[in-house]
Asks: 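Below is a structure I'd like to ask you about.
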Amino acid sequence: MATNQDAFDEARQFIAGGVNSPVRAFRAVGETPVFFAAGFGSRVTDIEGHEYIDYVGSWGPHILGHAPEAVITAITRAAKASTSFGAPTVSETTLAKLICESLNGCERIRLTSSGTEATMSALRVARGFTGRKLVVKFAGCYHGHVDSLLVSAGSGALTLGNPDSAGVSPAVAAETIVVPYNDVAAVERAFAQYGADIACTILEPVAGNMGVVLPTRGYLESLAAITHEAGSLLIVDEVMTGFRVAWGGAQRLFDIQPDLTVLGKVIGGGMPLAAFGGRADIMAVIAPDGPVYQAGTLSGNPVAVSAGLAALTQLKNTPAIYRRLEVLSARLAAGLQESAERHRIPLYIARCGSMLTPFFQQGPVRDLEGAKRSDTAQFARFHTLMRGLGVYLPPSQFEAWFVSNAHTFKDIDTTLAAADAAFAQLNK
Ligand SMILES: *Cc1c(COP(=O)(O)O)cnc(C)c1O
C-alpha cells in the first residue's frame, strides 16, 4: 500500500511542489502532506487508512460535512443531464435569486469558478464603474491570487513568508494601498491622501486568512462611511464568511451595506463555484450590458450550481444548523481554552460562529502584526501531535478551523481529549 510519503514523492515529479495549492504541502508544520482517499460527514480517511476528525472542511466549503446526501444526489442528477453546456440553464437563475435575496442590497450577481476570479472581476467592475484605479486592502487579508491583491496577503502567501509574490509587477502592486486591519485612522490617512483616485476598499469582514481576526466594534461601519464619502465602492470579500458565519454572511451579522460582495466556498457545496454581485447600476457595467469584460467557459457550470443550490437550500430551510454550529464551536473553543490554561500554555482563541483560530499567544489579536506574535513552532508541534491523535487541523497557525454540521458533540469531546493530551506533551 502506498504511503503519504510515496504519493508525495511521486506527485513532486509531475506537479509543481507536489501540490495544486501551496498550503497543502504542509511546509509550515514540517510534515508530509496527507493524501486523502475518502470523506464522510466529519471524518476523512487518508490513503494509509488513518481516519481523522476534520476541521479543514476543504478550507471552508463543507459546512454540511463531507458528501452530504442532498448535495451528492443533486450532483448526480445534474451530471447525468450533461456536465456542461456553456449556455444558460434555469438553475443558475434559481441560485442567483437565492443569493441576491439573502444579501444586503445585492441585485445582480455573476457566477465564476473560483474566489480568485470573483475578486479579480469585482475589482475590475469597481474600477470600470468609478473610472479610478487605486485599491485599498488590509494587511493579512487574502482575496485569492489576483496580482494586485497579492500584496501583504494572508493564507499560503503568509505561511510561506513571501507575502509579496515574485511575478507581480511593481506597477501593478503600486495600485494597491495596504493598511493595517482594525485601524480606522490608517484608512482615513489613505483616503485623505489618495481619496479621489481610490476605486474601492476591499476587505474580509471577519478576517480568516491571517487566522481568524474579528472586526473591532464600529470598524466596518467606519470603513463604509469613509469609503462612500470619497465616492469609492466597498467590496466585502465573503468568500470564507458568506453563509458560514450566518445565513447571508457577515454583512447580515454586522448589518453592513456593501456595494459589491464576493462569495465562494460554501456557496459551491464543495464544487468549484464562486460569485460576485451588488447593486444593479454597478453590475450594469459588465458586458454585454456595459464595457467591463468578464467571462468564463465553465462559469455557472450546471453540476457546480446544483451542488451550491442543494447546500444553500438545506441551510436556508434549516436555520437550526447555524444555532447548532454556534453551540458546537463555542464548546470546542471553551474546552481548548480551559485545557490550555490547565497546562499553562498561552492560547488566544478568536471565533466567529463556526470559524475559529487558537493563536499560540496571550492575545488579543487585532491585526496581522498581532497574529504574527504567535508561537508558530509550538503550533507546528501541536499540529503534528493532533494529527497523530486522529484530528486533522489546518497546517498553519494563520488559517481558520471550520466546524461543520456533521460534527457531533462526541467529535468535539474526542477532539478536546486529544488536545489535552497534546498540550501535556508540549510541556515535556
Ligand atoms: C479562499 C478565499 C479566496 C480565494 O478563493 P479561491 O476559490 O481559492 O480562489 C478569496 N477570498 C477569501 C476571503 C478567501 O477565503
Side-chain angles (χ1 to χ4, degrees), residues 19-24 56-63 103 110-124 126 135 137-160 163 165 176 181 200-215 220 234-245 249-251 253-254 258 260-277 294 296 298-301 304 307-308 311 350 352-357 368 371 394-396 398-402:
V19 289
N20 286 310
S21 199
V23 282
R24 298 180 196 172
V56 178
S58 187
W59 304 94
H62 288 323
I63 194 166
L103 300 178
R110 263 279 164 92
L111 298 176
T112 65
S113 299
S114 71
T116 295
E117 261 183 280
T119 54
M120 178 184 76
S121 306
L123 281 198
R124 191 179 302 139
V135 171
K137 89 172 276 285
F138 299 87
C141 279
Y142 177 69
H143 305 291
H145 59 98
V146 180
D147 276 10
S148 62
L149 295 175
L150 268 183
V151 185
S152 289
S155 193
L158 176 58
T159 297
L160 295 176
S165 169
T176 306
Y181 198 78
C200 61
T201 300
I202 183 168
L203 90 157
E204 297 180 60
V206 174
N209 287 289
M210 49 181 145
V212 172
V213 177
L214 286 117
L220 299 173
L234 181 68
I235 305 180
V236 172
D237 180 350
E238 298 228 43
V239 171
M240 185 182 292
T241 54
F243 301 96
R244 161 61 64 179
V245 297
Q251 57 190 264
L253 196 61
F254 295 100
L260 291 170
T261 297
V262 188
L263 296 165
K265 300 193 171 119
V266 168
I267 69 157
M271 292 291 285
L273 181 81
F276 67 99
Q294 195 280 333
L298 293 175
S299 290
N301 173 268
C352 184
S354 56
M355 56 188 264
L356 68 151
T357 299
L368 181 58
S396 160
F398 308 113
E399 300 286 355
W401 302 14
F402 296 105

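We're numbering straight along the sequence, starting at 1. Given the structure is predicted, the values throughout are model-derived calculations rather than measurements. Order of listing sets the numbers, starting from 1, for every ligand and every atom in it.
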Asks: With heavy atoms under 4.0 Å as the rule, classify the contact between T241 and ligand 1 as side chain, backbone, both or neither.
Replies: neither
Asks: A side-chain contact here means heavy atoms from C-beta on lying under 4.5 Å apart; do W59 and E399 qualify?
Replies: yes
Asks: Mark up the atoms of ligand 1 that fall under 4.0 Å of a heavy atom belonging to Y142, in ascending order.
Replies: 11 (N), 12 (C), 13 (C)
Asks: Around atom 7 (O) of ligand 1, find the nearest protein heavy atom and jot down its residue, atom name and distance.
Replies: G115 N, 2.8 Å
Asks: My understanding is that only one of N209, L203, T119, L263 makes a side chain to side chain contact (heavy atoms under 4.5 Å, CB included) with D237; could you say which?
Replies: T119
Asks: Does an N or O anywhere in V239 fall below 3.5 Å from an N or O of ligand 1?
Replies: no
Asks: Minimum distance, heavy atoms only, to atom 10 (C) of ligand 1: which one of E117, E399, H143, M120 is it?
Replies: H143
Asks: Can you tell me how far CD1 of I202 sits from CG of L234, rounded to the nearest 0.5 angstrom?
Replies: 9.5 Å
Asks: M240 heavy atoms, cut-off 4.0 Å: which ligand 1 atoms fall inside?
Replies: 15 (O)
Asks: Quick one: are I63 and F243 in side-chain contact, heavy atoms under 4.5 Å?
Replies: no
Asks: Would T119 count as being in polar contact with ligand 1, using the rule that some N or O on each side must be under 3.5 angstrom apart?
Replies: no
Asks: Under 4.0 Å from a heavy atom of E204: give me the atoms of ligand 1 that qualify, with their elements.
Replies: 13 (C)
Asks: Name the closest protein heavy atom to atom 11 (N) of ligand 1, giving the residue it belongs to and the distance to 0.1 Å.
Replies: D237 OD2, 2.7 Å
Asks: So H143 and E204, do their side chains get closer than 4.5 Å, heavy atoms only?
Replies: yes
Asks: With heavy atoms of G144 as the reference, note each atom of ligand 1 found under 4.0 Å away.
Replies: 3 (C), 4 (C), 10 (C)
Asks: Report yes if some heavy atom in the side chain of R244 is under 4.5 Å from a heavy atom in the side chain of K265; otherwise report no.
Replies: no
Asks: Going by atom types alone, do Q294 and R124 pair a side-chain donor with an acceptor below 3.5 Å?
Replies: no
Asks: Which of these, L260, T261, T201, sits in a side chain to side chain contact (heavy atoms under 4.5 Å, CB included) with I235?
Replies: L260
Asks: Around atom 8 (O) of ligand 1, find the nearest protein heavy atom and jot down its residue, atom name and distance.
Replies: T116 OG1, 4.6 Å
Asks: Got the closest protein heavy atom to atom 2 (C) of ligand 1, with its distance?
Replies: K265 NZ, 2.6 Å
